[in-house]
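For reference, the structure discussed in these notes is given below.
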Amino acid sequence: MEITVGHARSLLEATVGHPRSYSGLLQILLCLFTGEISGSEQQKQTQTQDKWKIRLQLTKPVTWAPLIWGVVCGAASSGNFNWTVEDVTKAIACMVLSGPLLTGYTQTLNDWYDREIDAINEPYRPIPSGAISESEVITQIWVLLLGGLGLAALLDVWAGHTVPSVFYIAVGGSILSYIYSAPPLKLKQNGWIGNFALGSSYICLPWWAGQALFGTLKPDVMVLTVLYSIAGLGIAIINDFKSIEGDRAMGLQSLPVAFGVDTAKWICVGAIDITQLSVAGYLFATGKQYYALALLGLVTPQIILQFQYFLKDPIKYDVKYQASAQPFLVLGLLCTALATSH
């Protein structure tokens with residue numbers, strides 16, 4: 001049986017009013033001892049569970065996937081990854097570093113500095129709505145940052161690196177995340193620089209971390225990943241269409257604000273398609289024709305989906321386009337990684 005605090009109070013008053021009737025009091029004591037009385041303790045427990053859900057929401061788990069995939073591409077590109085328990089464990093640790101820890105840090109930091117814009121665009125989000133306090137947000141930022149840097153250092157020790165390359169990549173990425181979101185630089189205020197920084201964070205950094213963990217970063221791979229970051233720029237622009245009103249109000253020159261919706265949508269698909277076609281051309285020119293043809297096969301459905309959804313209405317179909325087209329793009333990344341491993 002479960003009774004509320006209000007029920008308990010009523011039963012207690014009834015018992016006090018009738019001294020010979022002890023059944024009500026015994027019922028209360030039984031419920032207390034069996035943990036079936038609901039009240040402030042259950043409310044506190046619920047609030048704690050809700051707070052952890054809010055903390056997780058701030059890290060945006062859906063955004064971890066590209067970073068985790070980037071680690072897979074880097075490990076594949078190294079040519080040194082083997083399906084052993086040790087290598088798989090290293091890869092998983094690197095995924096935790098790139099995804100939950102440092103992407104979580106980046107997303108929480110970004111929401112913190114975007115709280116005024118979100119109050120206009122999305123006032124229901126955790127920080128502008130007051131669902132989590134400022135001190136709790138700041139603590140989360142520091143815990144995720146230091147946890148990520150600590151894990152990066154441990155991975156270097158585990159890999160036997162004389163130069164802590166994974167740690168350096170993690171530090172560089174963390175600094176880039178800060179200047180992307182925080183004043184005075186706040187790179188995201190400029191549509192070109194901000195979106196390229198975002199694209200490189202999602203493609204270059206996890207790839208480099210995965211490859212540095214299992215092998216050595218090569219110049220051709222670094223060039224290809226930086227080039228792929230232009231496609232990442234296009235992907236980042238997609239997310240700007242839903243925030244035009246708030247960006248304009250806060251003076252942020254996102255590309256949809258600066259160029260208008262119609263021009264920005266063509267810049268977006270151009271960045272995505274031209275980049276991948278250029279990479280396919282590079283692979284073909286370096287004697288990796290089969291990989292080049294595979295990459296072309298993965299670009300084709302993306303172009304079809306752009307005309308079917310995104311170019312018709314980038315605001316209405318942004319989520320649907322990303323859900324249907326991006327799997328082909330990330331498979332193209334793996335195709336390129338496998339090509340560079342040989």
**Study point:** With D273 via side chain to side chain donor-acceptor pair (under 3.5 Å) - residues at least two apart
**Key:** Q306
Check your understanding: Do W208 and Y168 come close enough that some side-chain heavy atom pair is under 4.5 Å?
Key -> no
Check your understanding: Is there a side-chain contact between L67 and V71, using heavy atoms and a 4.5 Å cut-off?
Key -> no
Revision key, fill the gap. Applying side chain to side chain contact (heavy atoms under 4.5 Å, CB included) to T139 and not counting sequence neighbours gives V143
Review point. Can you check whether V223 reaches P219 side chain to side chain, under 4.5 Å on heavy atoms?
Key: no
Practice item. Could you list the residues that satisfy side chain to side chain donor-acceptor pair (under 3.5 Å) with E136, not counting sequence neighbours? Key: K51, S133
**Study point:** W192 and F259 aromatic ring geometry - parallel, tilted or perpendicular at 30°/60° bounds
**Key:** perpendicular
Point to revise | Any residue meeting side chain to side chain contact (heavy atoms under 4.5 Å, CB included) with S243, in chain and number order, not counting sequence neighbours | key: N121, D247
Side chains of residues 329-336: which donor-acceptor pairs under 3.5 Å do they make with residues two or more places apart or in other chains?
unit_1, atom_1, unit_2, atom_2, d
T336, OG1, Y228, OH, 3.4
T336, OG1, G332, O, 3.0

Revision key, fill the gap. By side chain to side chain donor-acceptor pair (under 3.5 Å), S201 pairs with (sequence neighbours left out) none
Check your understanding: Are side-chain heavy atoms of V319 and K242 found at a separation under 4.5 Å?
Key -> no
Study note, to complete from the structure: Residue set satisfying ring-ring contact (aromatic ring centres under 6.0 Å, His included) with F167, at least two apart, ordered chain then number -> none
**Study point:** Contacts of type side chain to side chain contact (heavy atoms under 4.5 Å, CB included), residue K60, not counting sequence neighbours
**Key:** T63, Q107, D111, R125
**Study point:** Partner set under side chain to side chain donor-acceptor pair (under 3.5 Å) for S229, not counting sequence neighbours
**Key:** none
Review point. With sequence neighbours left out, what residues match A337 under side chain to side chain contact (heavy atoms under 4.5 Å, CB included)?
Key: C73, A76, S77, W207
For residues 287-299, which side-chain donor-acceptor pairs fall under 3.5 Å, sequence neighbours excluded?
unit_1, atom_1, unit_2, atom_2, d
K288, NZ, A339, O, 3.0
Y291, OH, H342, NE2, 3.1

Review point. Of T106, N110, T103, which meets side chain to side chain donor-acceptor pair (under 3.5 Å) against S177?
Key: T106
Revision key, fill the gap. Applied to residues 174-193, the salt bridge (Lys or Arg N to Asp or Glu O under 4.0 Å) test, sequence neighbours excluded, yields D114-K188
Review point. Would you call the rings of W266 and F307 parallel, tilted or perpendicular, where under 30° means parallel and over 60° means perpendicular?
Key: perpendicular
